[in-house]
Amino acid sequence: MRDYGVTVLKSTASPLIMFALYSPKGTYDSIFLANYAYININDQMTRVRGIASVSVSAPASTPCASG
């Protein structure tokens, strides 16, 4: 049997920053924008020192990629 460790990190429960993506001409729908944010922004934001986690969300009726 192997011993496994658990790492617990404290983090704030409230978001410190929020931003929104939109398509000015309506060319891209909310699914595209949510996936774009997940693919192109999520990883880059988690690399910033001091950011513990990043969450990408879309309108409740819109499915999006999650990680």
Side-chain angles (χ1 to χ4, degrees):
M1 181 162 177
R2 281 195 144 148
D3 292 325
Y4 291 96
V6 175
T7 302
V8 178
L9 301 173
K10 290 175 77 173
S11 67
T12 182
S14 60
L16 297 177
I17 189 170
M18 295 176 74
F19 65 93
L21 296 178
Y22 69 98
S23 178
K25 295 181 181 179
T27 308
Y28 303 106
D29 64 1
S30 58
I31 296 172
F32 178 89
L33 294 172
N35 285 327
Y36 177 88
Y38 181 74
I39 293 167
N40 296 293
I41 298 172
N42 189 49
D43 188 48
Q44 298 298 321
M45 293 293 289
T46 55
R47 293 180 187 192
V48 175
R49 184 176 177 176
I51 295 181
S53 66
V54 175
S55 176
V56 175
S57 61
S61 62
T62 305
C64 78
S66 62

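Atoms considered below: every heavy atom in the structure, side chains included; atoms not considered: hydrogens, waters and symmetry mates. Throughout, numbering of the chain's residues begins at 1 and tracks the sequence.
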Legend entry - Nearest-0.5 Å distance, OG of residue Ser55 to OH of residue Tyr38: 10.5 Å

Legend entry - salt bridge (charged side-chain N to carboxylate O under 4.0 Å, His left out) against Asp43, all qualifying residues, sequence neighbours excluded: Arg47

Legend entry - Hydrophobic cluster (4.5 angstrom, side-chain heavy atoms) - remaining members for Met45: Phe19, Leu21, Tyr28, Phe32, Leu33, Tyr36, Ile41, Val48, Ile51, Val54

Inset, instruction - Provide the closest heavy-atom pair for Val56 versus Ala34 in the form atom of the first, atom of the second, distance. - result: CG1-O, 3.5 Å

Inset, instruction - Name all pairs fulfilling the salt bridge (charged side-chain N to carboxylate O under 4.0 Å, His left out) condition that reach into residues 18-36, sequence neighbours left out, sorted by first residue then second. - result: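 Non-adjacent pairs meeting salt bridge (charged side-chain N to carboxylate O under 4.0 Å, His left out): zero.
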
